[in-house]
Amino acid sequence: MNIYEAIRIDHDIQRELLDKLTQTKGDSKERAEIFNKLKKELDLHANAEERHFYKPLIPTDMMQEHARHGIAEHHEIDELIEQLEETEMDSSAWLKTAKDLKEKVEHHLEDEEHTFFQLSGKILTENQKEELATKYNAYMEAHR
């Protein structure tokens with residue numbers, strides 16, 4: 001497995017949780033459970049990705065700006081999570097913010113999968129891609 005396959009697996013988990021979350025209603029147990037799972041998944045993924053994918057690419061001229069952009073998007077996602085935590089779950093504002101979060105995360109995932117992966121693939125060797133996947137997966141397993 002390479003780093004791209006490892007990250008895509010987690011991206012699919014995020015997409016599924018976001019779809020489920022935006023279909024929930026009111027201050028329900030289901031909404032709270034899905035939100036908590038999503039929150040943990042996004043935080044864990046961002047930490048693993050920044051350590052075991054972005055960080056090794058930042059020193060390269062071609063990837064530096066892309067890596068910084070990805071990290072900035074992680075922070076924007078964190079801010080939307082904080083907004084959701086501060087909003088009553090049964091308010092219409094909560095669902096609107098959840099939909100904004102879904103849009104932001106999906107945009108970020110598309111950026112990574114269609115731009116970042118291709119560019120970094122020109123820099124990383126096959127061996128490096130596999131090593132990064134091993135480290136990324138180990139981090140995810142240890143913290144999940």
Side-chain angles (χ1 to χ4, degrees), residues 1-25 28 30-89 91-144:
M1 175 179 288
N2 67 38
I3 188 64
Y4 309 115
E5 294 162 335
I7 290 174
R8 270 198 183 98
I9 290 168
D10 290 334
H11 284 182
D12 289 344
I13 292 168
Q14 293 170 30
R15 285 183 178 104
E16 183 181 338
L17 289 169
L18 285 160
D19 285 344
K20 287 180 179 177
L21 183 68
T22 55
Q23 292 171 19
T24 61
K25 295 189 186 335
S28 65
E30 179 191 25
R31 179 175 274 183
E33 286 175 0
I34 294 169
F35 178 59
N36 286 328
K37 280 182 193 173
L38 176 64
K39 203 166 50 167
K40 182 177 180 182
E41 192 65 34
L42 289 172
D43 185 55
L44 183 57
H45 173 75
N47 287 332
E49 195 172 66
E50 288 175 16
R51 290 173 193 219
H52 303 294
F53 186 49
Y54 291 176
K55 189 177 176 185
L57 293 167
I58 284 179
T60 63
D61 287 342
M62 185 168 82
M63 295 306 301
Q64 190 173 68
E65 190 57 39
H66 292 283
R68 288 189 173 144
H69 177 73
I71 291 168
E73 286 187 340
H74 286 167
H75 291 296
E76 291 170 15
I77 290 166
D78 290 343
E79 288 171 6
L80 287 168
I81 293 282
E82 283 178 29
Q83 271 186 291
L84 286 170
E85 290 175 325
E86 295 168 1
T87 306
E88 294 295 324
M89 271 194 178
S91 76
S92 59
W94 197 94
L95 186 58
K96 184 201 176 306
T97 305
K99 288 178 179 178
D100 291 346
L101 174 67
K102 182 178 190 287
E103 188 177 303
K104 173 55 84 178
V105 172
E106 287 175 346
H107 164 81
H108 175 71
L109 304 182
E110 291 295 314
D111 270 358
E112 284 184 347
E113 292 172 359
H114 298 289
T115 304
F116 204 88
F117 286 6
Q118 282 70 22
L119 291 173
S120 64
K122 296 175 183 177
I123 294 167
L124 300 170
T125 65
E126 291 306 312
N127 199 29
Q128 287 172 315
K129 292 172 192 174
E130 289 172 14
E131 286 175 17
L132 289 173
T134 300
K135 291 176 183 175
Y136 174 90
N137 283 330
Y139 182 92
M140 292 298 286
E141 282 181 36
H143 296 89
R144 231 182 211 137

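Just the heavy atoms: all of them, side chains too, but no hydrogens, waters or symmetry mates, feed the values below. Remember, it's a predicted structure, so these values are computed and weren't measured experimentally.
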To the nearest 0.5 Å, what is the distance between [atom1] ([X]) and [atom2] ([Y])?
X	Y	atom1	atom2	value
Lys40	Ile81	NZ	CD1	14.0 Å
Asp43	Ile77	CG	CD1	11.0 Å
Leu132	Thr125	CG	OG1	8.5 Å
Arg144	Asn137	CZ	CG	8.5 Å
Leu119	His66	CG	NE2	5.0 Å
Glu82	Thr97	CD	OG1	12.5 Å

State, to 0.1 Å, how close [X] and [Y] come at their nearest heavy-atom pair, and which atoms those are.
X	Y	value
Met63	Ser120	SD-N, 3.7 Å
Tyr139	Leu44	CE2-CD1, 3.7 Å
Met140	Ala48	SD-CB, 3.6 Å

Tyr4 and ring-ring contact (aromatic ring centres under 6.0 Å, His included): which partner among Phe117, Tyr136, Phe116?
Phe117
Yes or no on side-chain contact (heavy atoms from CB on, under 4.5 Å) for Leu18 and Thr22, after CA distance, side-chain angles and deciding distance?
CA-CA 6 Å; Leu18 285 160; Thr22 55; 5.7 Å; no
Would you check if [X] and [Y] make a side-chain contact, meaning some heavy-atom pair closer than 4.5 Å?
X	Y	answer
His75	Asp78	yes
Leu17	Ile13	yes
Lys39	Leu84	no
Lys20	Glu30	no
Leu101	Leu38	yes
Glu49	His11	yes
Leu57	Leu124	yes

Evaluate side-chain contact (heavy atoms from CB on, under 4.5 Å) for Leu80 paired with Glu103, printing each intermediate quantity in order.
CA-CA 11 Å; Leu80 287 168; Glu103 188 177 303; over 6 Å; no
Say whether, by atom type as modelled, one donor and one acceptor occur between the side chain of His45 and the main chain of Glu41 under 3.5 angstrom.
no
Distance-only, no hydrogens or angles: does the Glu5 side chain make a donor-acceptor pair with backbone N or O of Asn2 under 3.5 Å?
yes
Flag yes if more than 12 heavy atoms outside [X] fall under 6.0 Å of its [atom1] atom; otherwise flag no.
X	atom1	result
Lys135	NZ	no
Gln128	CD	yes
Arg15	CZ	yes
Asn36	CG	yes

Going by distance alone, is a donor N or O of one side chain under 3.5 Å from an acceptor N or O of the other, for His69 and Glu65?
no
Distance-only donor-acceptor check, side chains Gln23 and Asp19, under 3.5 Å
no
Take Lys102 and Leu21 through the test side-chain contact (heavy atoms from CB on, under 4.5 Å) and record every step on the way to the result.
CA-CA 9 Å; Lys102 182 178 190 287; Leu21 183 68; over 6 Å; no
Mind checking whether His74 and Tyr54 have parallel, tilted or perpendicular rings, split at 30° and 60°?
parallel
Where do Ile71 and Ile58 land on the side-chain contact (heavy atoms from CB on, under 4.5 Å) test, with the steps shown first?
CA-CA 11 Å; Ile71 291 168; Ile58 284 179; 4.1 Å; yes
side-chain hydrogen bond (donor to acceptor under 3.5 Å, both in side chains) for His114 and Gln118? Distances and angles first, verdict last.
CA-CA 7 Å; His114 298 289; Gln118 282 70 22; 5.3 Å; no
salt_bridge(Arg8, Glu112) N-O dist < 4.0 Å
no
